[in-house]
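Counting starts at 1 for both ligands and their atoms, in listed order. Treat the numbers as computed from the prediction; the structure is a model and nothing was measured.
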Amino acid sequence: MTDERDARAEVDPIRDALAAVVDRHRSNHAGAVATYIPELADVDTDGFGASVVSVHGRVHSAGDADRPFTIQSVSKPFVYALTISDLGLDEVHRHVGFEPSGEPFNAISLDPDTGRPDNPLINAGAIVTSALIDGPTVRDRFERVRSFLSACAGRELHVDDDVFESETATGDRNRALAYLANSSGVLRQSVGDATEVYFRQCSLVVTTEDLAVMGATLANGGVNPLTKRRVMSERPAMLALSIMATCGMYDHSGEWMARVGLPAKSGVGGGIVAVQPAQFGVGVYSPRLDSWGNSVRGAAVLQTLSEDFDLHVFDHPDESRSPVVSWTTEDDVTSGVLRGEFDLISAETVIDRMLAAAADGNRRIELDVTGVTRARTVATELLRVIGRHLADRGVDVVLDGDLG
Ligand code: GLN
């Protein structure tokens, strides 16, 4: 077959780079699979896969990228985003905080003053978060979670009943966390209902491709790049990424952010999702875990990718391109054409030029902003202020196009 898609798939440098990194870590057999949920111990410990999905919706995979495993805690930031979509951040924040706990994922930790769990990514916080999902019955509430996570993944996800039964049978510690949250008034459902939704959400079956698509949906401001469907608005996606950046790898989150520099979330099933905002999502899988409960080889793959390809979110970018395409003066009228993202440093450049034009005696400044793809509020506000300043001095500033 010679159609264009096949031809493109044959040459895929991103897939090849990913495969090389996976191969590099294949001989790492450190760590151990989770056994406290008996069903999780029953896996092929050598399974190892990785996928990258860009915000353009292109999928690149290496190793066991179609191997199913349970999502476990990787579900947590997505359910958090769903509750924020439903209730708004302030209401969610009355029940669960933002701060890294510095403790293991299943720690008995509630803030002594507020009674809230420290954050939505430790178990206590995730159970409280799941209990914020509304619906007449447990079944309805879980169905909302399942269909939302499915929309993020771009396909229908289903529960592994054996893992669900296994978690339910051995979940006393999680029930204890729910009872504690209930006693401090932050659990909106009964302990039984809250933990049932939580155990089911943790038992959803995914692949690394699913996790990469879910991550890419967050990277893409809430629009699934494969289905093109808006799954959530930009703000819950941004907040999910924020909490992943500060709390996603449990009590290893600080070192993770320093060394890898990608918001991420791990699960005891061996999956990790990581995101470079506006660029891509990565899903990795390998079931042997380190002492924090994070996949050993998954974390190693992400660290190597970050180091070898400069993917740290705080890596210093090149100087921003000038937003000014052209800047001309005729008689006493100056015309500027702007394009791309209009942000603080773009506004700074444009304002310098406007002030220089006014100082040269120009009476009118026309800005063609039809090519601006996104205007940050900081930039439009600065432009408004300088527009008023120039108007007071008899210089008209006229926009062609809309900055929102
Ligand atoms: N279902 C698991 C639990 O509650 C999730 C924990 C995790 O993935 N870190 O223990």
Flag for [Y]-[X]: side-chain donor and acceptor within less than 3.5 Å:
X: S346; Y: D343; result: yes
X: R141; Y: Q189; result: yes
X: Q72; Y: T70; result: yes
X: S266; Y: N294; result: yes
X: N123; Y: Y198; result: yes

Exercise for the section: Below 4.0 angstrom from a heavy atom of N174, which ligand 1 atoms are there? Numbered from 1 as shown, please. Expected result: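 Contacts of ligand 1 toward N174, numbered from 1: 3 (C), 4 (O), 10 (O).
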
Problem - Distance filter under 4.0 Å to C202 heavy atoms, resulting ligand 1 atoms - result: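 Under 4.0 Å from C202, ligand 1 has these atoms: 1 (N).
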
Exercise for the section: May I ask whether F199 has any heavy atom positioned less than 4.0 angstrom from an atom of ligand 1? Expected result: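 No heavy atom of F199 comes that close to ligand 1.
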
Practice task
Answer yes or no for N106: is there a heavy-atom contact with ligand 1 below 4.0 Å?
Solution key: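 False for this residue.
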
Problem - Heteroatom distance test (Q72, ligand 1): nitrogen or oxygen, under 3.5 angstrom - result: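 Yes; at least one N/O pair falls below 3.5 Å.
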
Practice task
Compute the shortest N/O to N/O distance between Y250 and ligand 1 and return yes if it is under 3.5 Å, no if not.
Solution key: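 It does: an N or O of Y250 is found under 3.5 Å from an N or O of ligand 1.
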
Give the contacting part of [X] toward ligand 1: side chain, backbone, both or neither, where contact means a heavy-atom distance below 4.0 Å.
X: V268; answer: both
X: E167; answer: side chain
X: V74; answer: neither

Handout entry: Validation row: N106, R173 side chains within 4.5 angstrom (heavy atoms)
Key =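 Counting from C-beta outward, N106 and R173 do come under 4.5 Å.
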
Problem - Side-chain heavy-atom pair H93, F98 within 4.5 angstrom cut-off - result: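 A side-chain contact exists here, since the closest heavy-atom pair is under 4.5 Å.
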
